[in-house]
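I have placed the structure first, in the form of structure tokens, so that the comments after it can refer back to it.
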Amino acid sequence: MFKKILVANRGEIAVRILRACRELGVETVAVYSDADRNALHVRYADEAYNIGPAPARESYLRIDRIIEIALRAKADAIHPGYGFLAENPQFARAVTAADIAFIGPPASAIQAMGNKVAARKLAMRVGAPVIPGVYDTLDDFAIVQAADEIGYPVMIKAAAGGGGKGMRRVDSSDAMLSSLARAHSEAAAAFGDDSVYIEKALTGVRHIEFQILADNKGNVIHLGERECSLQRRHQKLVEEAPSVVVDEKMRAAMGSAAVNIARAANYVNAGTLEFLVDKDSNFYFLEMNTRLQVEHPVTELVTGVDIVKEQIRIASGRPLSLRQENIIMRGWAIECRVTAEDPFNGFLPSTGKITNLQEPTGPGVRLETGLYEGMEVSLFYDPLIAKLCVWGETRAAAIVRMRRALSEFQIMGVSTSIPFHQKIMESTNFIGGHFDTRFVEEKFEMKHGGSEDKERVAALVGALLTHERRQTALTIPPTNTVSGSSWRKHGWKT
Amino acid sequence: MFKKILVANRGEIAVRILRACRELGVETVAVYSDADRNALHVRYADEAYNIGPAPARESYLRIDRIIEIALRAKADAIHPGYGFLAENPQFARAVTAADIAFIGPPASAIQAMGNKVAARKLAMRVGAPVIPGVYDTLDDFAIVQAADEIGYPVMIKAAAGGGGKGMRRVDSSDAMLSSLARAHSEAAAAFGDDSVYIEKALTGVRHIEFQILADNKGNVIHLGERECSLQRRHQKLVEEAPSVVVDEKMRAAMGSAAVNIARAANYVNAGTLEFLVDKDSNFYFLEMNTRLQVEHPVTELVTGVDIVKEQIRIASGRPLSLRQENIIMRGWAIECRVTAEDPFNGFLPSTGKITNLQEPTGPGVRLETGLYEGMEVSLFYDPLIAKLCVWGETRAAAIVRMRRALSEFQIMGVSTSIPFHQKIMESTNFIGGHFDTRFVEEKFEMKHGGSEDKERVAALVGALLTHERRQTALTIPPTNTVSGSSWRKHGWKT
Amino acid sequence: MKYTVLIGERTYEINPDANHTVEINGEPHRVDFRNIEGSAFYSILIDNRSWQALVKREGDEYRISIDGEMYVVNVQDERTRKIQKGLSKGAAASGEFALKAPMPGLVRSVPVQVGQEVPQGQGLIILEAMKMENELRAPRAGTIKEVRVKPGDAVELGQTLVVML
Amino acid sequence: MKYTVLIGERTYEINPDANHTVEINGEPHRVDFRNIEGSAFYSILIDNRSWQALVKREGDEYRISIDGEMYVVNVQDERTRKIQKGLSKGAAASGEFALKAPMPGLVRSVPVQVGQEVPQGQGLIILEAMKMENELRAPRAGTIKEVRVKPGDAVELGQTLVVML
């Protein structure tokens, strides 16, 4: 086992990894930007080093500094978390070159799966279904011919792509040539590589992914699926495990496809295979995420496996202690990604200081967070501020528990996505399991309007606080703090 | 299902039950004493009613007031929690007489199992092993004869007893008559009934209990065992599920004894059968607790069953949806009872205001608490202030997780048992599973003495804060708050 | 003292000095209102109904969260209300309004032109910040007077983007 | 300014004004000390080692919890220390000491008698409160001067139970 692990990340995921290390008895090193000096991950780690100014490119993306600090602090491993450098093969390579273990897949696997066309070809080679499309580099004329064969609508995507850039949907043959021209130029601008490919545009599909674990002895298992269809602009909002549309047979088929692809890629460590599933339960491999996934807790809650600890064990050279037959999903888990965004205002990022915080707890609730009172939510980093996860015996039990936990979660200082999550948990479509990847954007609407009862209480509280201030003002000099009241008006007393 | 449930309790267990109600969509009524106006359970409930002054006998033990409020608020059920009125058959009877459902066993079962001698006889009738002893009302001469047959040491116990009162251990025949005389008078004073019985005093035993659930259709199942041997003066301190000394065969035997006793008592709702287990794995029925147990969360964590929700469902007349074969224990759970007591000073109760609070969270951690910043911990009620529970894949994983969670739990304002729990989690005897009910009192010692490193940091913090105050005093008038510092002294900067 | 409380478009008349009760829009209620020990949390029992409020004062306004729902609350007593009534009539609904960048970012598109009449809620600017595109909307109906940015411009926090009349 | 810090029996000399560093018992360290936004929590980096402190001031003392370990910390600067040195020499170890009830309760037993010499840590009173018996111990060695209660007495918080010399 490692003696000291550097966590090259911030926020809730850094704290998550530091907790795993503390439980494993491994010493920890945090790195932080100027904006994060007081962050929880800095306080939680055994050692902490500044790596530069607030912007990520000057701190959390600085490969050179991170490795320099790992060497200085004598860390023998680095965990990249997700985001930042987690899927950067240069980083994995530089870490390994410095004789430090990289807690993640080998650089070659990151690179191989990073090319979307190469990944799909690899999936096809092992017989995993992919979305009907043309993955070869063809000239535009051949692509148009192929599109006619596949049938419209089709998606044009950049081969080196990711994050929706260079992606466009084409509904008919007429628009194909002009769209291809624009896709080429966008791809060239974004990735320095103008090659594109086409895929059939599927509608009414779900986004379902499989978690896999692979050791460096060739053992590969999967931990079942996660349902991630609730998205907005390709950002996941709510995830659950298992999925209502996956039965045992389908799980076995998709799981074995996932394991076969990972094995063909010589994959080691934790990874996620993303699939689209259509209404007829056909599934298609989409891409692989070669890192720990944001939504890994839902899998942990239903399987009982601690994925971060497994990552660390695998990276330290240990064989998997789990076999496929040990993996049994029990109950149901849901995660809400709580972000500092205003759901009533087009999810506009919200910044400011967290002045008050009340966190949910109790049965079946797991909160992953880097929040604290006094924290500044800035625009430098991802708006994700907490992941609220629940487990229940059934999906229904998990949904009502999530409602309960959301009602307990109070954050003052920034707008958050909590009202959105509350609305989702009340939505009959969500409760019935009827949704696809377009659900949030096409069929879901956020409207203001709390209950009349609550508004009346708010009015009363405002009046009583003002009343108190008026009376206090006569005796002591007024301050700007709101506190200390204990006020009572009883017609009669119990 | 019920429409509105009154929770006749306070503190963490009231909040636990209110959470279950909120998840079930049932409205809730809290009751509170004058000392608890600001308590979490008051704020969490939909309605709240004052029931009298701080002392429990004038508030939480007032059967008349609680029923009056239940009727006024139109509650159709009452949950008693544990302690207070939970095992008072008059309360159960009065609730039922007011046409309100009692979420617990029938009064007759509370009464039957409340008499320790009657409970043991019932156990013997169904063939469950009990501690060798004499449970008939004999004259003292006959008792001495019986003691000689059983063999010393023996325990004299009050038939109507509980909580250790009137209980005494006798090591030889010589002391028997005088001890009996004193036991009679103590029992008469404490319970108004001087009858006593004797039992063989077992040494090196473990306290292991079984959770059962019984519906009113005659279905009875058990949810496996809890290990509760870590006690101090008959107060449990740490519990776990399962137990290291119970294997599948023993679990089946003890579980079936538990189920048989409950069935013979016509028991309905949740209950707990307590056993002693000796070094040779012989088990003996001790007594039954006819209520929700403090330590129920460890069973919930390993079985996935929500015991409080099951209690409510059973009381509303529903049959058990679970069968014995559905109950599968998975992983390991540990609970630490965090109390406001000073473990370095003979567990002296500690009172005061909670000025600061940092609660543990993250993977596998469940906190049951009624704590909040500003709360007054008083001597009116039980010193239990929080239950910290963890789940891990294995016992070892649970122990290291508990250490991690304890290290995150910061409470300022009262002394707590947290250092004791930390010491237990580091103890080789505990880690090895080697302990019995006398372990804490006989083999465990609390010594002061943090690490030198930490003391040095404390010294530095004190000096820097004083330094800051000295400098601030020159410009602004001093206050008694400690805050606002941001101080930095770097030989060089990273 | 009676208070007039404004939340959104609704008005509440609250009199804490009524005989033994608090009057809300003329109806009497038993009220027990407690601060949780110097924090921003309050517990309120209204006729034994229990509520929790989390309060932040911002100038003359309160932001009050009741069991998670957020309300912006304005309180006026009888005197100040009479004074303000004369002054502020309709002020919010007319006059110049400057849309400022709520964060630094990159202008992706400007779907309005000078002279255009826009309804309330019309998107005025699409601003890219972090990984997201954010639509900035008209807070009320009006006419576009100036457009000070164009697609591709990098803007600072607080920079004026569009001016409406 | 140099400070002398007392924790239990140990003494630390701390000089925050040393050139570019803080000296702890003469050894220089790089220190970065931050309050967490007006709370009682502090983050301290000492030569990049990270610690969290939770601080409560009580009169002249601090109660400081470092990662969960509690320390009672007394800080004296050079001047006050010189003054106090003359006054308080040995004061804590002699003089009268009154053992007061730390909570209301019932005296269960009094295992000491007037005139008895007791070592530090000797149990003086067994007090029953709530469900528990609590042993109150001698904070230092001494002689019992008075015993003011007997078994069976109900006592109030703060009532003097035993006086030691």
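Residue numbers begin at 1 in each chain, while the letters A, B, ... track the order of the sequences. Note that this is a predicted model, so its numbers are computed, not measured.
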Considering only heavy atoms, which portion of B:Thr466 lies under 4.5 Å from any heavy atom of chain D: side chain, backbone, both, or neither?
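It is both, since atoms from each part get that close.
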By a 4.5 Å heavy-atom criterion (distance strictly below it), what part of B:Leu348 contacts chain D: side chain, backbone, both, or neither?
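Both parts, heavy atoms under 4.5 Å.
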Close aromatic pair by centroid cut-off 6.0 Å: B:Tyr60 and B:Tyr381
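Yes, the ring centres sit under 6.0 Å apart.
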Can the ring centres of B:Phe344 and B:Phe420 be said to be less than 6.0 Å apart?
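No, ring centres 6.0 Å or more apart.
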Chain B contact via [X] - which portion, at a heavy-atom distance below 4.5 Å:
| X | answer |
| --- | --- |
| D:Leu54 | both |
| D:Leu136 | side chain |
| D:Arg137 | side chain |
| D:Gln52 | side chain |
| D:Ile44 | side chain |

Applying side chain to side chain contact (heavy atoms under 4.5 Å, CB included) between D:Thr11 and each of D:Thr4, D:Asn25, D:Val5, report the one that passes.
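Of the listed residues D:Thr4, D:Asn25, D:Val5, the side chain to side chain contact (heavy atoms under 4.5 Å, CB included) partner of D:Thr11 is D:Thr4.
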What class does the angle between the rings of D:Phe33 and D:Tyr42 fall in, given that below 30° is parallel, 30 to 60° is tilted and above 60° is perpendicular?
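Aromatic pair D:Phe33/D:Tyr42 classed parallel.
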Within the distance-only criterion (no hydrogens, no angle test), does the side chain of B:Asp453 pair as donor or acceptor with the backbone N or O of B:Val457 below 3.5 angstrom?
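Between the backbone of B:Val457 and the side chain of B:Asp453 there is no qualifying donor-acceptor contact (under 3.5 Å).
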Please confirm whether the backbone N or O of B:Lys454 pairs with a side-chain atom of B:Ser451, one donor and one acceptor, at under 3.5 Å?
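A pair under 3.5 Å: yes.
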Contacts of B:Glu87 that satisfy side-chain hydrogen bond (donor to acceptor under 3.5 Å, both in side chains) - sequence neighbours left out
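side-chain hydrogen bond (donor to acceptor under 3.5 Å, both in side chains) list for B:Glu87, sorted by chain: B:Thr290, B:Arg291.
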Test the B:Lys423-B:Phe444 pair against the cation-pi criterion, namely NZ or CZ under 6.0 angstrom from the six-membered ring centroid and within 45° of the ring axis.
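Geometry flag: set, cation within 6.0 Å and 45°.
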Go through it in stages, so that I can follow the logic: the residues are D:Gln159 and D:Val149, the test is side chain to side chain contact (heavy atoms under 4.5 Å, CB included), and I'd like the CA-CA distance, side-chain angles, deciding distance and then a yes or no.
CA-CA 10 Å; D:Gln159 185 176 334; D:Val149 291; 4.1 Å; yes
For chain D, which residues of residues 400-409 of chain B have at least one non-hydrogen atom nearer than 4.5 Å to it?
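At a heavy-atom separation under 4.5 Å, chain D is reached by no residue of residues 400-409 of chain B.
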